[in-house]
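On a predicted model such as this, the values are computed, not experimentally measured, just so you know.
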Amino acid sequence: MTFAFDNSPVWLDLLGVFFFAVSGSLLAARKQIDIVGSLLLASMVGLGGGVIRDIILGTVPAAFTNPAYLAPPLLATVLVFFLFSSVQRYTSLLILFDAAGLALFCMTGTLKALATGLNPVASVLLGVTTAVGGGLLRDITANEVPELFNPKDIYALPAFLGSTLTAILWVFGVFNVLTAAVIAAVVFTFRVLAWRRSWQAPLAVRGWQRRTADPGL
């Protein structure tokens with residue numbers, strides 16, 4: 001099966017795979033996992049969201065039909081292997097690459113859902129699932145608290161915003177390279193600011209208070 005590489009969403013998808021894969025390899029480096037584990041974690045986070053998306057859509061996952069999807073995780077693993085020793089602020093880099101992957105995947109997931117005939121609301125939900133799915137698999141596999149369920153951070157809301165904007169612009173026929181770049185920038189900025197400024201969403205029940213660390217511990 002051939003893939004049309006002149007189709008811009010495919011390039012966005014591959015770029016998103018790379019960004020997410022770098023975040024996986026950075027986490028593997030932080031956890032002192034070997035290079036094989038780094039490649040597996042990079043592949044899981046980079047390809048996981050897209051695989052979930054394609055399975056829901058009832059199609060063969062693109063990662064299994066196009067060998068090009070295997071290149072970004074491999075490249076990410078090699079880059080981290082050779083460059084990580086000179087990288088000190090790996091946590092910041094992990095968040096930045098994760099935010100970039102989130103910004104792209106929320107769009108590509110929504111676009112693919114719309115292209116297969118799903119209604120805009122369902123497409124938005126699938127776009128969010130695509131964006132957060134890989135990170136969820138990454139964190140669970142690495143025995144980390146998933147960012148999706150971190151009460152002291154905002155993870156899914158930027159993806160939801162990006163997916164919603166993508167669906168609206170697509171419905172009105174004004175989704176193009178320029179508007180895609182704007183959406184990606186908005187989602188990326190939202191995610192990074194939420195992390196840096198510790199923005200928090202309301203808890204599940206009104207009136208609940210977040211737990212604070214016991215100073216005596």
Side-chain angles (χ1 to χ4, degrees), residues 1-24 39-76 98-142 146-149 155-177 179-180 183-184 187 191:
M1 179 178 178
T2 59
F3 227 102
F5 279 96
D6 57 345
N7 189 355
S8 57
V10 175
W11 285 109
L12 291 177
D13 213 24
L14 290 171
L15 192 58
V17 170
F18 173 73
F19 287 141
F20 266 137
V22 171
S23 75
L39 177 59
L40 292 176
L41 198 59
S43 300
M44 182 173 295
V45 61
L47 303 175
V51 170
I52 294 172
R53 173 199 64 206
D54 293 341
I55 290 176
I56 292 175
L57 291 174
T59 63
V60 178
F64 299 147
T65 60
N66 184 2
Y69 275 84
L70 303 179
L74 180 60
L75 177 60
D98 184 77
L102 194 78
L104 294 178
F105 265 25
C106 70
M107 288 191 295
T108 59
T110 304
L111 290 173
K112 189 161 187 178
L114 289 167
T116 57
L118 263 65
N119 64 72
V121 174
S123 297
V124 167
L125 294 177
L126 189 54
V128 175
T129 301
T130 304
V132 304
L136 181 63
L137 294 174
R138 174 198 62 206
D139 295 339
I140 291 175
T141 303
E147 286 297 321
L148 181 62
F149 302 127
Y155 193 70
L157 284 180
F160 185 81
L161 174 61
S163 295
T164 302
L165 291 175
T166 299
I168 291 174
L169 294 179
W170 186 88
V171 168
F172 285 98
V174 291
F175 184 87
N176 51 46
V177 174
T179 55
I183 293 173
V187 175
R191 172 70 185 109

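Closest non-hydrogen pair, V51 versus A63, comes out as CG2-CB, 4.4 Å. Smallest separation of non-hydrogen atoms from C106 and T110: O-OG1, 2.6 Å. Nearest heavy-atom pair across A62 and D54 is N-OD2, 2.9 Å. Contact between V187 and G162 at its shortest, heavy atoms only, is CG2-CA, 3.4 Å. Looking at every heavy atom in both residues, P73 comes nearest to V17 through CD-CG1, 3.9 Å. Scanning all heavy atoms of the two residues, the minimum distance from L148 to A156 falls at CD1-CB, 3.7 Å.
Put simply, the side chain of S163 never gets that close to the backbone of F160: no donor and acceptor are under 3.5 Å apart. Between the side chain of N66 and the backbone N or O of Y69 there is no donor-acceptor pair closer than 3.5 Å. Between the side chain of D98 and the backbone N or O of S23 there is no donor-acceptor pair closer than 3.5 Å. Not one N or O on the side chain of S123 forms a donor-acceptor pair closer than 3.5 Å with the backbone of A167.
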Exercise. Hey, mind stepping through Y155 and L102 against side-chain contact (heavy atoms from CB on, under 4.5 Å) and telling me if it holds?
Worked result: CA-CA 9 Å; Y155 193 70; L102 194 78; 4.0 Å; yes

Exercise. Going through the distances and angles, do T166 and L111 end up as a side-chain contact (heavy atoms from CB on, under 4.5 Å)?
Worked result: CA-CA 7 Å; T166 299; L111 290 173; 3.8 Å; yes

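One finds the CG atom of L57 at 6.0 Å from the CG atom of L118 (value rounded to the nearest 0.5 Å). F64 contributes atom CZ, which lies 9.0 Å from atom CG of L70 (distance to the nearest 0.5 angstrom). Between R191 atom CZ and L161 atom CG the span is 14.0 Å, to the nearest 0.5 Å. Separating the CG atom in L165 from the CZ atom in F175 is a distance of 10.0 Å, to the nearest 0.5 Å. The CG atom of D13 lies 7.0 Å from the NZ atom of K112; values are rounded to the nearest 0.5 Å.
Salt bridge R138/E147: absent, no basic N to carboxylate O contact under 4.0 Å.
Sorted by first and then second residue, the ring-ring contact (aromatic ring centres under 6.0 Å, His included) pairs involving residues 98-140 (not counting sequence neighbours) are F20-F105.
In this structure, L41 and T141 have side chains that are in contact, with non-hydrogen atoms separated by less than 4.5 Å. At a threshold of 4.5 Å between non-hydrogen side-chain atoms, the residues I183 and L169 count as touching.
For the side-chain hydrogen bond (donor to acceptor under 3.5 Å, both in side chains) test, no residue two or more places apart in sequence or in another chain qualifies with D139.
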Distance-only donor-acceptor hits, side chain of residues 128-136, under 3.5 Å, sequence neighbours excluded:
unit_1, atom_1, unit_2, atom_2, d
T129, OG1, L125, O, 2.9
T130, OG1, L126, O, 2.8

